[in-house]
Protein chains: 2
Amino acid sequence: MADMSSGTQRKRIRKSPSDRRAEIVDAAAAIALTEGLECITLRRVAEQLDVRPGLISHYFPAVEDLVAEAFGTAAGAELNALLPADRAAGTPTDRLARFFVLATGAAYDDISRLWINARHLSRYRPVLRDRVSHQEALWRGRLEDLVREGVDRGEFRTADPYATTIQILVVIDGLGAHANTETGARPEVVTRMAVSTAERELGLEGGTLSRHGAALDADRTDAEAASGTDTSPAGSGT
Amino acid sequence: MADMSSGTQRKRIRKSPSDRRAEIVDAAAAIALTEGLECITLRRVAEQLDVRPGLISHYFPAVEDLVAEAFGTAAGAELNALLPADRAAGTPTDRLARFFVLATGAAYDDISRLWINARHLSRYRPVLRDRVSHQEALWRGRLEDLVREGVDRGEFRTADPYATTIQILVVIDGLGAHANTETGARPEVVTRMAVSTAERELGLEGGTLSRHGAALDADRTDAEAASGTDTSPAGSGT
DNA sequence: TTGCCTATTGGGCGGGCGACCAATAGCATG
DNA sequence: CATGCTATTGGTCGCCCGCCCAATAGGCAA
């Protein structure tokens, strides 16, 4: 215990490459969500993990790769939260309603910000652009599967599940576009645009999804109140 | 003509502050459109105008102000191109149809990119954020006026012109979100989403705006073929 | 316990950025 | 033509960035 004052010489902690790598990606993903993708710098990530910048460089010789990886992790985690892959989580209608509840609330703003961020940065960073395209395909695919399942079960009705899926996503993107600038409140009709589009394109009676959503929202709120909020994807401990 | 080889010592050209300032803003706006807002740096703008970086600094002590100004100029010019302020340019239906032709074509991609760029950068730059909000208000206002005029003339039918306007803009934003990443073609239904939304929300028969648009598009193409493309806002010489 | 492999450190290099300032030279004015 | 105002220059400063590399020390295996 020679020196316990300021962090003059932290004891080195040696981890397995795979653990360390995962740790770095997670830290970068957390930074991406809270501060933005351009804040993923060698020094910033290193500081977060309390290691030296060179170490980050060692695992990611090119930072752009880390940025892309971080985005993929964050977006992927959110996708799993919004549209769980397993089919046991309720009827298509229930799951779609849940999706809209989560993707329309103010809690989705961080994700909107991330998408705007990534789509813009894609202009300059090819590796990230590929990742963004990949994630877009994943989101689209997951939602399209849900739509098709609903059609198969007779809950939804659409001639072109693919086109319907894209239309829903376009509206969601449009609603999220203002996450960094919006100030005032929007008319109810606008807030409901995503749900309305889905109901219209899926041949559902107006209000169907909203009603399911309201019920699910109540459940979700109750669960959170009882067990603490653990819906967030990456652990942003302090 | 003593020295015409490398630019060893360019003759100074002295301009009036207002001229120079405008020149700087225009150059910055051009850079914003072609390369992105983060490429508006003292050195880059100076190079474009063939002056020294210090001069830019002199007119804009804080670069952020120049960035905001440049965005405002570019976005404002585009707005005037899409939705001319004067009411003599045809019936509301015609003008709205023209708007969609211009705002949906591939030529609009640069503008989409600019909006994505600005909305993202707004996260970090307050001055820019204010400008973006202001431009959003202008676009919204201009479109809303058109909608109201159409309602007054009995061409459109909507209970809430404001909400209708926002819905149209949300769809346009959603369609433009992928300007940096999109690769393949989209289903026709998706491409037509903006027009469809407008027709639905304005109580127009399906296809009304498209038909007007097709006619206008033909005219526009003819005119361009005859007189050269001069629809672009900022002169990007060379 | 000893030794080795390698994860980790510490430091340095070049580059681009915004900001600042004293010196210079256009150009209108008299 | 001479003079003065000021638009413009040229250079510097500090900051943060990505990238690279030789030296160091953690911790598992022998």
Side-chain angles (χ1 to χ4, degrees), chain A residues 2-3 6-28 31-32 35-70 117 121 124-128, chain B residues 2-3 6-28 31-32 35-70 117 121 124-128:
Chain A
D3 185 280
S6 55
T8 39
Q9 182 90 349
R10 266 196 62 80
K11 188 173 190 313
R12 288 189 186 182
I13 299 182
R14 219 179 145 97
K15 302 193 174 179
S16 84
S18 60
D19 283 0
R20 187 62 94 179
R21 192 187 160 92
E23 191 183 41
I24 291 174
V25 172
D26 286 348
I31 295 175
E35 307 172 39
L37 291 166
E38 31 273 287
C39 292
I40 298 181
T41 70
L42 299 179
R43 289 164 178 82
R44 180 70 189 76
V45 174
E47 178 202 20
Q48 181 106 341
L49 294 175
D50 197 30
V51 296
R52 301 299 114 212
L55 186 59
I56 314 298
S57 226
H58 173 69
Y59 285 93
F60 291 89
V63 204
E64 185 177 354
D65 292 335
L66 174 57
V67 172
E69 194 82 10
N117 194 167
L121 218 56
Y124 309 103
R125 313 212 177 177
V127 185
L128 176 61
Chain B
D3 185 278
S6 55
T8 38
Q9 180 90 351
R10 267 198 61 79
K11 186 174 191 311
R12 289 189 185 181
I13 298 182
R14 218 179 147 97
K15 301 192 175 181
S16 84
S18 59
D19 283 359
R20 187 62 94 180
R21 193 187 160 92
E23 190 183 42
I24 291 174
V25 171
D26 287 346
I31 294 174
E35 307 173 38
L37 290 166
E38 30 275 286
C39 292
I40 299 181
T41 69
L42 299 179
R43 290 166 179 81
R44 180 70 189 76
V45 174
E47 178 200 19
Q48 181 106 342
L49 294 176
D50 197 31
V51 296
R52 301 298 110 213
L55 186 60
I56 314 297
S57 227
H58 173 69
Y59 285 93
F60 290 89
V63 205
E64 185 177 354
D65 292 335
L66 174 57
V67 172
E69 194 82 9
N117 193 167
L121 218 57
Y124 308 104
R125 315 213 175 177
V127 185
L128 176 61

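In what follows, every chain begins at residue 1, and chains take the letters A, B, ... in the order their sequences are listed.
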Response to the item:
Ranking B/E64 and B/R14 by the position along DNA chain C of their nearest nucleotide, the one closer to 5' is B/E64
Worksheet entry | Distance in angstrom units between B/L66 CG and C/dG18 C1', rounded | 12 Å
Response to the item:
Correct closest heavy-atom pair for B/Q48 and B/A27 would be CG-CB, 4.0 Å
Worksheet entry | Side chains of B/I40 and B/R44 in contact at under 4.5 Å (non-hydrogen atoms) | no
Item to complete: Rounded to the nearest angstrom, tell me the gap between atom NZ in B/K15 and atom P in D/dT9.
Response: 11 Å
Practice prompt. For residues A/Y59 and A/I24, report the shortest heavy-atom separation together with the two atoms involved.
Written response: CD1-CD1, 3.7 Å
Practice prompt. Identify the heavy atoms of A/L37 and A/N117 that sit nearest to each other, and give their distance.
Written response: N-OD1, 2.8 Å
Response to the item:
A/R21 atom CZ is separated from C/dT6 atom C1', nearest whole Å, by 17 Å
Fill in: Gap between atoms CD and C1', on B/E47 and D/dT9 respectively (whole Å)
17 Å
Worksheet item: Of all heavy-atom pairs between B/V67 and B/R125, which one has the smallest distance, and what is that distance?
Response: CG2-NH1, 3.9 Å
Item to complete: Please report, rounded to the nearest Å, how far the C1' atom of D/dT9 is from the CD1 atom of B/I24.
Response: 14 Å
Considering only nitrogen or oxygen atoms on both sides, find all protein atoms under 3.5 Å from nucleotides 12-17 of chain D and state each distance.
unit_1, atom_1, unit_2, atom_2, d
D/dC17, OP1, A/T41, OG1, 3.4

Response to the item:
Taking every heavy atom of A/I13 against every heavy atom of A/R20, the minimum-distance pair comes out as O-NH2, 2.8 Å
Discussion item. Is A/R20 close enough to C/dT8 that one of its side-chain N or O atoms is under 4.0 Å from OP1 or OP2 there?
Written reply: yes
Item to complete: Run through B/V51, B/V45, B/L49 and flag the one making a side chain to side chain contact (heavy atoms under 4.5 Å, CB included) with B/E23.
Response: B/L49
Discussion item. Taking the minimum atom-to-atom distance to the side chain of B/K11, which one of D/dA7, D/dT9, C/dC27 wins?
Written reply: C/dC27
Item to complete: Just call it for A/F60: base, sugar-phosphate, or nothing, with non-hydrogen atoms closer than 4.0 Å on any strand.
Response: nothing
Atom pairs under 3.5 Å, N or O on each side, protein against nucleotides 28-30 of chain C: can you list them with distances?
none

Item to complete: Find out whether A/R43 and A/E47 are in side-chain contact, i.e. whether some heavy atom of one side chain is under 4.5 Å from a heavy atom of the other.
Response: no
Practice prompt. Grab the OH-C1' distance between B/Y59 and D/dT9 for me, whole Å please.
Written response: 13 Å
Worksheet item: Within a strict 4.5 Å, meaning less than it, do heavy atoms of the B/T41 and B/V63 side chains meet?
Response: no
Worksheet entry | Nearest-angstrom distance from the residue atom CD1 of B/I56 to C1' of C/dC20 | 15 Å
Discussion item. What contact category does B/P53 fall into here, base, sugar-phosphate, or nothing, at under 4.0 angstrom with non-hydrogen atoms?
Written reply: nothing
Worksheet item: Can a donor-acceptor pair under 3.5 Å be found between the side-chain atoms of B/R12 and the base atoms of D/dT9?
Response: no
Fill in: Length of the CZ-C1' vector between B/R52 and D/dA7, whole Å
15 Å
